[in-house]
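These figures come from a predicted structure and were not determined experimentally. The figures that follow rest on heavy atoms only: side chains count, while hydrogens, waters and symmetry mates do not. In the text below, chain A, chain B and the rest are named by the order of the sequence lines, each starting its count at 1.
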Amino acid sequence: MRWSQFFIPTIKEVPADADVISHKLMYRAGLIRKLVSGFYTYLPMGLRVLSKIENIIRKEMNKKGALEILMPTLQPRELWETSGRWHTMGPEMMRLKNRQDRDFVLGPTHEEVITDLIAREINSYRQLPLNFYQIQTKFRDEIRPRFGVMRSREFIMKDAYSFDKDAEGAKKSYQDMVDAYQQIFQKCGCSALAVEADTGIMGGESSAEFMVPSDTGEEEMVCCEHCDYAANSEKAESHGLFDQTGDEGALEEVHTPNCTSVSDVSAFLKVQPSCLVKTLLYVHDTDKKVLVLVRGDRNIVEMKLIQYLHASDLRLADEKEIEEVFHAPVGFVGPQGIMGVRVIADMSVLGVVSGITGANKKDYHVKGLNLKRDVPSFEQAHLHQVLQGDPCPKCRKPLQIKKGIEVGHVFNLGTKYSKALGATFLDQAGQSQLAIMGCFGIGVSRTMAAIIEVNHDEQGIVWPVSVAPFEILLMPLDSDDKNMLKEAERIYTSLQEQGLQVLWDDRDERAGVKFKDAELIGIPYMIILGKKSMAKGLGELEIRRGHQKQDVPLDQIVERSRDLIGHAYRDLGFLDVPQVQGAL
RNA sequence: CGGGGCGUAGCGCAGCUUGGUAGCGCAUCUGCUUUGGGAGCAGAGGGCCGCAGGUUCGAAUCCUGUCGCCCCGACCA
């Protein structure tokens, strides 16, 4: 491709609304432009990158036997009523009506559609297993789109859905996808970590997220440096810590005027916050009350509580509700002597034999709380937030907390959707069975941003070859020099004949402009032709990453480039240089 | 949903406090010079100052409303 005939609108200045590096660089390098908040146009350079990521995904999916399909973006309300998600999804799902006043949703995901399809098409165990995938535009009306293409309202996603006849098959399908995902992200140049995760709105049994470690990530994960434990912080656990010591004693009221918070009480009584037991009253599924106990210096993760309760909604009780249960005002409540309310104790308070908590009386707390003695019956669960340094649940070594970008998510769905939508088949014994499902997503557009987050420097993007819009940039510096142009033309044709994707900067620009643009757009390899070295029969071959340069005789430069690029592909885990496909 | 900030030329901004009909840098166009790290000189084009009302002889500027964009936060007894 000749630069002058392509469209690469680079800009020097950063638009005021770009905040993170990938967003700034995508804008400046002419990959994307914004339409409105959360909606972006991919310009030719951006689209090439996207297509490359998609092709890497296709190849790995196909290797595992998944079959590509394409489902509608618009889906009828009825399907979502059937699965129950018309009501549980909330306002992030975009809904609209057609002229007959019929409700539709702009698909945020496709479990309903695919399961409906399978329910109609599959009758026998002989047809299973199946794994269908698509690469398609999804819509989620995010509260706050941000970081450019990283969290947008319209985005491109690869979603795959597996259907198995038994648990063993489902397990294999799941593992196949995990393996494929590792391959995909490695080949895209943004190796991802698989971490245990919450199933969220998808429902189902278990799930793992694929995270690219990066400080701009929105997700927090907990990982162990010593073993392979890694989990999303909404799911992470720590080893049963906090065996609280202290002398057992009788319950004793203490006067704590106006001390309504943990910090007030611990300061007033001159004890560590960890000596307190926080008593939280939650309301879930509209009117069910549950009392949660957690150590004073810890917070609970509401997501964990929702999971534990299988609740569809959850909120803290208001002052009135608290008064009704404890007959005491907010800030002075405790679990002792409370009857008729379900009590859940977090692991952090299980060992408490002399804790401090509210006395259920205004301006008073109690000392000497012994959980097992003073609370008639309680359940135990892991609800607290894991902090840096907490012991690993597997090996007890200190845990680390890191930020990451969620680029993929795999779910073991079980039979939630097959049951709701009637995806059954007859087994060998002629019995009707529910298909066991898995669903597997990759945020394609987000992956593009993640790749840039981990592959850039001061000057601009440093694309991994596998996803670079072009593999090599040909840069003759003097556009008036006939000889140089002739040589450039020769190299250009020759590179193309080698099957390489080459961008030829044929613009009549000064060298400085060309160099700056080249660094910005980040093509991984560059051939530079200058007057002086050409006179000696030499050209320069430069590697964008690290700016290593070498002089190479002109008659060898194409071959050397091809070798370098071949090595680069192999380093990323490819067996060979992929063939050019489609528009590329 | 709450809080904060911002809408002035394609992009980045100044001007607004103290009303008088708009300016700077980059980009664009023309010409000459320049040509291995975002060139120099000379000239040119381009803005209903987000939109709608109001105050005023007069509004980018003051007031009200509205739309859009960005950032932060999201309850812990």
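The cationic atom of A:R544 (NZ for Lys, CZ for Arg) does not lie both less than 6.0 Å from the six-membered ring centre of A:Y525 and within 45° of the ring axis. Both the sub-6.0 Å distance and the 45° axial angle are satisfied by A:R48 relative to the ring of A:F470.
Residue-environment remark: CD (A:E319) stays at or below the threshold of 12 foreign heavy atoms within 6.0 Å. Surrounding CD of A:Q272 are at most 12 heavy atoms belonging to other residues, nucleotides or ligands under 6.0 Å away.
Rounded to a whole Å, the CE atom of A:M475 is 11 Å from the P atom of B:G37. Rounded to an integer number of Å, the gap from A:M534 CE to B:G36 P is 14 Å. As rounded to whole Å, 13 Å separates atom C1' of B:G37 from atom CG of A:D505. Rounded to whole Å, atom C1' of B:C1 lies 14 Å from atom CG of A:D141. Rounded to an integer number of Å, the gap from A:I322 CD1 to B:A77 P is 10 Å.
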Scan nucleotides 8-10 of chain B against the protein and return all N/O pairs shorter than 3.5 Å with their distances rounded to 0.1 Å.
none

Do any N or O atoms of the protein come closer than 3.5 Å to N or O atoms of nucleotides 69-73 of chain B, and which pairs are they?
{"residue": "B:C69", "atom": "OP1", "partner": "A:S37", "partner atom": "N", "Å": "3.2"}
{"residue": "B:C69", "atom": "O3'", "partner": "A:K34", "partner atom": "NZ", "Å": "3.1"}
{"residue": "B:C70", "atom": "OP2", "partner": "A:S37", "partner atom": "OG", "Å": "2.9"}
{"residue": "B:C72", "atom": "OP2", "partner": "A:R144", "partner atom": "NH1", "Å": "2.8"}
{"residue": "B:C72", "atom": "OP2", "partner": "A:R144", "partner atom": "NH2", "Å": "2.8"}

Could you list, one pair per line, each protein nitrogen or oxygen that sits under 3.5 Å from a nitrogen or oxygen of nucleotides 32-35 of chain B, together with the distance?
{"residue": "B:U34", "atom": "O2", "partner": "A:R510", "partner atom": "NH1", "Å": "2.5"}

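Using a 30° and 60° split on the angle between ring planes, A:H23 and A:Y40 fall in the perpendicular class, above 60°.
In this view, A:K288 satisfies the salt bridge (Lys or Arg N to Asp or Glu O under 4.0 Å) rule with no residue, not counting sequence neighbours. Applying the salt bridge (Lys or Arg N to Asp or Glu O under 4.0 Å) rule to A:K402 yields no partners; only residues at least two apart in sequence or on another chain are considered.
Among the protein residues, A:E302 comes within range of the nucleic acid bases, having at least one heavy atom under 4.0 Å from a base atom. Across all strands shown, A:E540 has heavy atoms under 4.0 Å from base atoms, whether or not it also approaches the sugar-phosphate.
The side-chain hydrogen bond (donor to acceptor under 3.5 Å, both in side chains) pairs that include a residue from residues 513-523 of chain A are A:T10-A:D517, A:R507-A:D517, where partners are two or more places apart or lie in different chains.
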Practice task
Evaluate the criterion salt bridge (charged side-chain N to carboxylate O under 4.0 Å, His left out) for residue pair A:R490 and A:E487; output intermediate values, then yes/no.
Solution key: CA-CA 5 Å; A:R490 199 211 101 229; A:E487 184 61 13; 2.3 Å; yes
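Salt bridge A:K549/A:E540: present, at least one basic N to carboxylate O contact under 4.0 Å.
For the OP1/OP2 pair of B:A27 and a distance below 4.0 Å, the side-chain nitrogens and oxygens of A:K12 include at least one atom meeting the criterion.
Across all strands shown, B:G50 is found opposite B:U66 as a Watson-Crick or G-U wobble partner, with both distances under 3.5 Å.
For A:R28, counting side-chain heavy atoms from C-beta on, the closest listed nucleotide (B:G36, B:G38, B:C76) is B:G38.
Here the CD1-CG distance, from A:I527 to A:D505, works out to 13.5 Å after rounding to the nearest 0.5 Å.
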